[in-house]
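One structure is given here, and the rest of the page talks about it.
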Amino acid sequence: MKTILIVGGSGFIGTNLSEYFCERDFKVINFSRSPSQISHPNLINICGDCKNTTILNEIFTDYKIDMVVHSLTSFTAMDKLGSSQEVLATNLSAFIDLISVMKTHAVKKLIYISSGGSIYGVADAPIKETHDISPVSFYGWMKESCEHYLEFASRLDPEFKFLILRPANVYGKYQKIERIIGVALRNAIIGQSMDIYGNTSTCKDYIHIDDLCEVVDKLMHCQNWNEIYNVGSGIGTSIEDILKYAQIIAKNKIEINYHERKSGDVPYNILDINKLKKAINKSSFISVEAGMHDMYKYVLSVTDKEKA
C-alpha cells in the first residue's frame, strides 16, 4: 500500500483527495491544523502547524511517504491582507521548509496545487500553460512564487520531481459555501437575495472536484514529471448561467443585488486544457449543470444543519 502525505488535507480539495485515494487503497496522511471531516481506515490525521518542521520530520521518520500533495492555502484572492508576514510564513516559507524536509528523508515526488484562476491575470481567450504569468492578486503572486521555487529545487536536485497543477474554479462537496456556485445554490434553497460583484456576464472555467481528483490520480500514474498542467473543463460558464441553474435545481427565484467588481478578481478566465487531455487521455468533464445537481445535495445538507 502506497502512502501519500496531503499537506492541507482538511481543506476542500485536500478532503476530497483524501477520500478519493483512501477508497483506492492508498494510505493517506492528512497534515493539517484540524482533523479531516471524513473518516476511513486508511486515513491518518496528524494535526499541527505547517510551519512546525519538528512535526514534519517526525511524519517522514514514522511513515514511508511515497509522494506529497500540497493543497494548503491559508487565504484567497479576494481576502484583504493586513501584515504579510504570517501569510508569507504559512504559504511560502513553510512550503520551502517542506521541500527541504522531503529531501532530507529522500522523498522525491511532490504535486503542487497552484491556481489557474489567479496566476495568469487578465486574458480574453483560452489560456495555455505558456501564457505570461501576470497575477493581479497577492494570492496569485504567492502561487507563482511557489511554482518558481519548485523549479529551483529541481535544478538543485535533478532527482526531485514535481507536478504543478493550475486548477480552474473548483467546486463540489466539502466546500465552504462562500463561492459563487455554492452561494447560488444555498440562496436559491433558502430564498435569500444574492450579491453579485461585477455583472452576470463574467465568464470563467469551473471544474467539479471529482474531475480534479481523477486528474491528480491519472497524472500521478503517467509519470510525466516536472510539468505544468491547466486543470479545468476548458469551457466558460457565466454567472448568469450559474444563477439560472441554481434557480431551476432549487425550484426557487433569487433576487440579485449588484455591486462593483472586487479588487483581484478577473472577468474572464477559461483554461486551454489540450495538454492535459493528451497526457491523461481524458476528453470529457462533468458539466456545470450536472455538477451543480450533484452539489445540490451537499448544499442542502449544510443548510439543513444551519437551520437546526
**Message:** Looking at Glu260, I want to see if its CD is surrounded by more than 12 non-hydrogen atoms of other residues, nucleotides or ligands under 6.0 Å.
**Reply:** no
**Prompt:** Are any non-hydrogen side-chain atoms of Asp97 and Lys51 less than 4.5 angstrom apart?
**Reply:** no
**Message:** Quick check for you: to the nearest 0.5 Å, what is the distance between Leu300 atom CG and Ile249 atom CD1?
**Reply:** 12.0 Å
**Prompt:** Do Asn16 side-chain atoms and Ile209 backbone N/O form a donor-acceptor pair below 3.5 Å?
**Reply:** no
**Message:** Please check: side-chain N/O of Thr15 versus main-chain N/O of Ser10, any donor-acceptor pairing under 3.5 Å?
**Reply:** yes
**Asked** Between Gly182 and Val299, what is the shortest heavy-atom contact and its length?
**Response** O-CG1, 4.1 Å
**Request:** Go through Asp217 and Tyr20 one step at a time and tell me if the side-chain hydrogen bond (donor to acceptor under 3.5 Å, both in side chains) criterion holds.
**Result:** CA-CA 9 Å; Asp217 186 16; Tyr20 180 93; 2.9 Å; yes
**Asked** Would a 4.5 Å heavy-atom cut-off, applied to side chains only, mark Val69 and Leu5 as touching?
**Response** no
**Item:** No-hydrogen, no-angle side-chain donor-acceptor test under 3.5 Å, Tyr206 and Asn269
**Value:** no
**Prompt:** Does some side-chain heavy atom of Asn252 sit less than 4.5 Å from a side-chain heavy atom of Ile189?
**Reply:** no
**Asked** Can Trp225 and Glu227 be counted as having a side-chain donor-acceptor contact under 3.5 angstrom?
**Response** no
**Main-chain N/O of Leu150 paired with Ser154 side-chain donor or acceptor, under 3.5 Å** = no
**Request:** Specify the closest pair of heavy atoms between Leu110 and Phe160, including all atoms of both residues, with the distance to one decimal.
**Result:** CB-CZ, 4.2 Å
**Message:** I'd like to know if Phe162 and Ile96 are part of one continuous hydrophobic network [Ile/Leu/Val/Met/Phe/Trp/Tyr, side-chain heavy atoms within less than 4.5 Å].
**Reply:** yes
**Request:** Assess the side chains of Tyr298 and Gln175: does a donor N or O sit below 3.5 Å from an acceptor N or O?
**Result:** no
**Point-to-point distance, once rounded to the nearest 0.5 Å, from NZ of Lys244 to CD1 of Ile254** = 13.0 Å
**Prompt:** Do Leu88 and Ile119 share a hydrophobic cluster (ILVMFWY, side-chain heavy atoms under 4.5 Å, transitive)?
**Reply:** no
**Item:** Gln37, CD: over 12 other non-hydrogen atoms inside 6.0 angstrom
**Value:** yes
**Side-chain (Asp272) to main-chain (Lys128) donor-acceptor, under 3.5 angstrom** = no
**Item:** Same apolar cluster: Phe12 and Ile38, side chain cutoff 4.5 Å
**Value:** yes
**Request:** Would you mind checking if Glu144 and Arg166 are paired as a salt bridge, meaning a charged N to carboxylate O distance below 4.0 Å?
**Result:** no
**Message:** I'd like to know if the side chain of Glu58 pairs up with that of Thr54 as donor and acceptor (distance under 3.5 Å, no hydrogens or angles considered).
**Reply:** no
**Prompt:** Under 4.5 Å between any side-chain heavy atoms of Lys2 and Phe21, yes or no?
**Reply:** no
**Prompt:** In Å and rounded to the nearest 0.5 Å, what is the CD1 to CZ distance from Ile6 to Phe26?
**Reply:** 10.5 Å
**Prompt:** Do Val107 and Met67 share a hydrophobic cluster (ILVMFWY, side-chain heavy atoms under 4.5 Å, transitive)?
**Reply:** no
**Prompt:** Under a 4.5 Å cut-off applied to non-hydrogen side-chain atoms, are Ile44 and Val28 in contact?
**Reply:** no
**Message:** Tell me whether Glu159 contacts the main-chain N or O of Lys108 through its side chain, where contact means a donor paired with an acceptor under 3.5 Å.
**Reply:** no
**Request:** For the residue pair Leu219 and Ile280, establish whether any side-chain heavy-atom pair is separated by less than 4.5 Å.
**Result:** yes
**Complete:** Closest non-hydrogen contact found for Cys47 with Ile55 is O-CD1, 4.4 Å
**Message:** Go through it in stages, so that I can follow the logic: the residues are Leu98 and Leu56, the test is side-chain contact (heavy atoms from CB on, under 4.5 Å), and I'd like the CA-CA distance, side-chain angles, deciding distance and then a yes or no.
**Reply:** CA-CA 7 Å; Leu98 167 66; Leu56 268 176; 3.9 Å; yes
**Message:** Show every side chain to side chain donor-acceptor pair (under 3.5 Å) that has at least one partner inside residues 279-294, sequence neighbours left out.
**Reply:** His208-Asp294, Asp211-Lys282, Glu214-Lys282
**Message:** Using every non-hydrogen atom in the two residues, find where Ser233 and Ile207 come nearest and quote the distance to one decimal.
**Reply:** N-CB, 4.4 Å
**Asked** Does the side chain of Val216 reach to within under 4.5 Å of the side chain of Ile111, using non-hydrogen atoms?
**Response** yes
**Request:** Test Ile133 against Tyr120 for side-chain contact (heavy atoms from CB on, under 4.5 Å), laying out the working first.
**Result:** CA-CA 5 Å; Ile133 302 302; Tyr120 293 115; 3.9 Å; yes
**Residues Lys109, Asp66: salt bridge by 4.0 Å N-O rule** = no
**Asked** With distance as the sole test, does Asp241 use its side chain to make a donor-acceptor pair with the main-chain N or O of Thr237 at under 3.5 Å?
**Response** no
**Asked** Between atom CD1 of Ile181 and atom CG of Asn169, what is the distance when rounded to the nearest 0.5 Å?
**Response** 8.0 Å
**Asked** Would Ile256 and Ser193 satisfy side-chain contact (heavy atoms from CB on, under 4.5 Å), going step by step from the backbone distance to the final call?
**Response** CA-CA 6 Å; Ile256 308 300; Ser193 64; over 6 Å; no
**Check: Thr202 side chain, Gly198 main-chain N or O, donor-acceptor pair, under 3.5 Å** = no
**Message:** Restricting to non-hydrogen atoms, name the atom on Tyr139 and the atom on Ser118 that form the minimum distance, rounded to 0.1 Å.
**Reply:** CD2-OG, 3.5 Å
**Item:** Shortest non-hydrogen separation from Met295 to Tyr171 and the atoms involved
**Value:** SD-CD1, 3.9 Å
**Request:** Hey, can you tell me if Tyr112 and Phe95 have their rings parallel, tilted or perpendicular (30° and 60° cut-offs)?
**Result:** tilted
**Request:** Report yes if the side chains of Lys64 and Thr3 come closer than 4.5 Å at any heavy-atom pair, otherwise no.
**Result:** no
**Asked** Is there a side-chain contact (heavy atoms from CB on, under 4.5 Å) between Lys275 and Asn230 once you walk through the steps?
**Response** CA-CA 8 Å; Lys275 180 179 178 180; Asn230 286 336; over 6 Å; no
**Message:** Less than 3.5 Å apart, any donor N or O on the side chain of Asn30 or Ser36 sitting next to an acceptor on the other?
**Reply:** no
**Request:** Give a yes or no on whether the backbone of Pro135 and the side-chain of Lys143 come within a donor-acceptor separation of less than 3.5 Å.
**Result:** no
**Asked** With no hydrogens and no angle check, is any side-chain donor or acceptor of Asp205 less than 3.5 Å from a backbone partner on Gly234?
**Response** yes
**Ser238 side chain to Lys204 side chain, donor-acceptor N/O pair below 3.5 angstrom** = no
**Request:** Sequence neighbours left out, what passes side-chain hydrogen bond (donor to acceptor under 3.5 Å, both in side chains) with Asp132? Give chain and number order.
**Result:** none
**Message:** Under a plain distance cut-off of 3.5 Å, with no hydrogens placed, do Asn57 and His105 share a side-chain donor-acceptor pair?
**Reply:** yes
**Message:** Tell me whether the count of non-hydrogen atoms from other residues, nucleotides or ligands lying under 6.0 Å of CG in Asp124 goes above 12.
**Reply:** no
**Message:** Between Thr200 and Ile239 (side chain of the first, backbone of the second, donor and acceptor by atom type, cut-off under 3.5 Å), is there such a pair?
**Reply:** no
